[in-house]
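Notes follow the structure.
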Amino acid sequence: MTQTVKYLLDESRIPKFWYNLVADLPVPPPPPLHPGTLQPLGPDDLTPLFPVSLIQQEVATEREIEIPKPVREIYRQWRPSPLYRARRLEQALDTPARIYYKYEGVSPAGSHKPNTAVPQAFYNREAGIRRIATETGAGQWGSSLAFAGALFGIEVEIFMVRVSYNQKPYRRALMETWGATCTASPSEQTAAGRAILAQRPDHPGSLGIAISEAVEVAAQRDDTNYALGSVLNHVLLHQTVIGLEALAQLEMADDYPDIIVGCTGGGSNFAGIAFPFLGAQLRGGRKVQLIAVEPAACPTLTRGPYAYDFGDTAHLTPLTKMHTLGSTFTPPGFHAGGLRYHGMAPLVSHVKQLGLIEARAYHQLTCFEAGVLLARTEGILPAPEANHAIRGAIDEALRCKEEGVSRAILFNLCGHGHFDMQAYMDYFADKLTDQAYDEAELAMALAGLPSVPAV
Ligand SMILES: *Cc1c(COP(=O)(O)O)cnc(C)c1O
């Protein structure tokens, strides 16, 4: 019973290792390609942007990667994060399902993002880097890296998608409180930003554009690196602390999930909770149904083809094979800003392709309805992104009721919504609508997918 717990956790009940799914995959993921040569990327190609230790994690094939002690000491401030049984939600739904949720809103920034911001700042600092440029959508990643930068004495320069910069001034204030600088993107500070503004001066921005700006700044200065808050293998790796803790916590509760649900923007919190369980399944353990939930207005996994594409609009990043809506696609400005990305983590895309996970898309109103029910039963006010996972979990619990079976459902409550109250005010004032993306724009973005030689 306590085997996993003993092996996995240190004396503070924090995992000693991150879990690398690549070690257990039946088929290795396709390699990333160089944006200029379209040949598989070599480790040296990434050194202008990332420290060697993170590049090694990006291509690692070993199953367990040790979490450095200084990182675990910081994790201890909010980890292990709580795992709750949602008994009052179960009662409200009158379902025989056993619903559990892992709550990542207890971190200083209020989401799962510090799980990777802290090690990224740590490894950069070890490599002598004093400045990091990055992008942020709704501000969750920017504030997490600002927090981690403050702990390690690293200056953080953030390009924030303009619509969120205007919608979420408190997130900006939080980043500035932790000492970071924050600029609305597209901006006049970079060639990538100026090119977009020349075409459309009132451009609302997108994550793809903000990534281009941050990468441009990092590539130009020797003392400056770049950091990404989702999508990359090393980010997903760091987030596995969520699932590893959940494994041990459910073992203490003498239960095991039949179904795991997470929301997907770039795929990191979903991978974080799901991959340790998927790995156990691939090593001969119990089968788990894994459900990724995305917004219907940015339906990367459910509508995007699996193809090589750029991670950013200006095509400065390597190409990765992933589910994508096209790097020029700008999703409508719905409130789950953290889910407005055109691509999906290559590893999440790969396991979707292998049939190991499934994906669903929901519109925002039904997600807010689910989030409000969670607040009124469990007390926690979720981030608009997390509402997608809650909707997915509730639908599975209602299916249990219909079928008269009790299944264990685990979902990731990836963040709180205390900085997203405008979204809730709009919801209660009936000002939120279910926005559709522009089919013509999607077709155009997909027509622009790069063609690559077979690898
Ligand atoms: C950033 C963010 C997301 C989306 O990113 P993933 O990499 O898909 O996890 C979802 N929820 C919250 C609260 C976020 O901050």
Side-chain angles (χ1 to χ4, degrees), residues 81 101-117 120 134-147 158 160-161 164 168 171 174-175 207 210-211 227-243 260-275 290-295 298-301 311 322-323 331 334-349 352 357 359 361-362 364 367 371 374 380-392 411-420 423:
S81 70
Y101 60 98
K102 185 82 168 144
Y103 183 42
E104 291 295 314
V106 291
S107 78
S111 75
H112 62 287
K113 296 259 175 34
N115 297 335
T116 184
Q120 288 196 50
T134 196
E135 72 293 327
T136 196
Q140 289 271 18
W141 169 242
S143 40
S144 301
L145 194 65
F147 154 68
I158 300 160
M160 184 171 186
V161 176
S164 299
K168 305 192 176 193
R171 274 276 163 205
L174 186 61
M175 292 181 241
L207 274 170
I211 293 173
L228 189 61
S230 183
V231 177
L232 297 178
N233 296 352
H234 68 264
V235 178
L236 274 52
L237 175 81
H238 300 157
Q239 293 297 352
T240 59
V241 285
I242 304 171
I260 299 177
V261 189
C263 69
T264 43
S268 74
N269 90 86
F270 170 76
I273 194 158
F275 281 6
L290 303 172
I291 305 172
V293 184
E294 61 184 11
C298 189
T300 317
L301 278 170
M322 60 181 175
H323 282 278
F334 54 87
H335 269 288
L339 307 182
R340 293 178 71 243
Y341 185 58
H342 71 272
M344 181 54 59
L347 271 179
V348 171
S349 299
K352 167 79 168 38
I357 67 165
Y362 287 108
Q364 69 175 353
C367 295
L374 187 98
I380 294 171
L381 186 126
E385 292 85 0
N387 288 344
H388 291 73
I390 299 165
R391 176 79 266 164
F411 73 88
N412 196 32
L413 184 44
C414 52
H416 67 62
H418 298 173
F419 288 91
D420 303 282

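Values below: every heavy atom of this structure, side chains too, minus hydrogens, waters and symmetry copies. When a ligand or atom number is given, it counts from 1 through the structure's own listing order.
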Test your reading of the model: is there a side-chain donor-acceptor pair from [X] to the backbone of [Y], 3.5 Å cut-off?
X      : Y      : value
Tyr341 : Gly311 : yes
Asn269 : Cys263 : yes
Gln364 : Pro384 : no
Thr136 : Met160 : no
Thr240 : Leu237 : yes
Ser144 : Ala109 : no

For [atom], closest protein heavy-atom neighbour:
atom                    : value
atom 7 (O) of ligand 1  : Ser230 OG, 2.5 Å
atom 9 (O) of ligand 1  : Asn269 ND2, 2.7 Å
atom 10 (C) of ligand 1 : Glu385 CB, 3.6 Å
atom 4 (C) of ligand 1  : Gly338 O, 3.2 Å

Looking at ligand 1, does Ala386 have a heavy atom less than 4.0 Å from it?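 It does not, in that no heavy atom of Ala386 comes within the 4.0 Å cut-off of ligand 1.
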
Counting only heavy atoms, tell me which of Lys113, Gln239, Gln140 gets closest to atom 2 (C) of ligand 1.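 Nearest option to atom 2 (C) of ligand 1, by heavy atoms: Lys113.
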
Does ligand 1 come near enough to [X] that some N or O of the ligand is less than 3.5 Å from an N or O of the residue?
X      : answer
Gly267 : yes
His112 : yes
Gly415 : no
Gly265 : yes

Using side-chain contact (heavy atoms from CB on, under 4.5 Å) as the criterion, point out the one residue from Ile380, Val106, Ile273 that pairs with Leu413.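 Between Leu413 and the candidates, side-chain contact (heavy atoms from CB on, under 4.5 Å) is satisfied uniquely by Ile380.
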
Residue-level breakdown please: for Thr264 versus ligand 1, do any non-hydrogen atoms fall below 4.0 Å on the side chain, on the backbone, on both, or on neither?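 The answer is the backbone of Thr264.
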
Which atoms of ligand 1 sit under 4.0 Å from any heavy atom of Ser268?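 Matching atoms, with element in brackets: 6 (P), 7 (O), 8 (O), 9 (O).
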
Return yes if a side-chain donor-acceptor contact under 3.5 Å exists between Trp141 and Ser230, otherwise no.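 No, because no side-chain N or O of Trp141 sits under 3.5 Å from a partner of the opposite role on Ser230.
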
